[in-house]
Amino acid sequence: MRPSTLRALNRAAELTRQNRLTEAMLIAEPVILAADFYEGEEIKAWLVSHVADFTRENRKGTD
């Protein structure tokens, strides 16, 4: 996965934890749509492995 894709996914996870879903989608969607088949598979695997990144609370000092 390209480093820029990973940064976008991590930022989207951070925004989601802050209840800023619209902004998260604005960042993640173009990256996901631009991915080729192989990167798309890597993105899917990353999302499955990091579902907690999108759902846990953002606690200062513990991230």
Set of side chain to side chain donor-acceptor pair (under 3.5 Å) partners for E29, sequence neighbours left out: none
Members sharing F37's hydrophobic cluster, built from side-chain contacts under 4.5 Å between Ile, Leu, Val, Met, Phe, Trp and Tyr, are Y38
Kindly work out whether a path of hydrophobic side-chain contacts (I/L/V/M/F/W/Y, heavy atoms less than 4.5 Å apart) joins L6 to L47. yes
I'd like to check the side-chain contact (heavy atoms from CB on, under 4.5 Å) partners of T5; sequence neighbours left out, ordered by chain and number. M1, R2, L9, V31, E39, I43
For the residue pair A35 and G40, what are the closest heavy atoms and their distance? CB-N, 3.8 Å
Would you mind listing the cluster partners of L21? Hydrophobic ones only (ILVMFWY), side-chain contacts under 4.5 Å, chaining allowed. M25
Start with the C-alpha distance between E41 and K44, add both sets of side-chain angles, then the distance that settles salt bridge (Lys or Arg N to Asp or Glu O under 4.0 Å), and finish with yes or no. CA-CA 5 Å; E41 292 299 311; K44 285 180 199 174; 3.3 Å; yes
Check side chain to side chain donor-acceptor pair (under 3.5 Å) between E23 and all other residues, then give those that pass, not counting sequence neighbours. R20
Apply side chain to side chain contact (heavy atoms under 4.5 Å, CB included) to the pair N10 and W46, showing each step before the final yes or no. CA-CA 10 Å; N10 282 321; W46 187 92; 3.2 Å; yes
Other cluster members, L15 - Ile/Leu/Val/Met/Phe/Trp/Tyr, side-chain contacts below 4.5 Å: I27
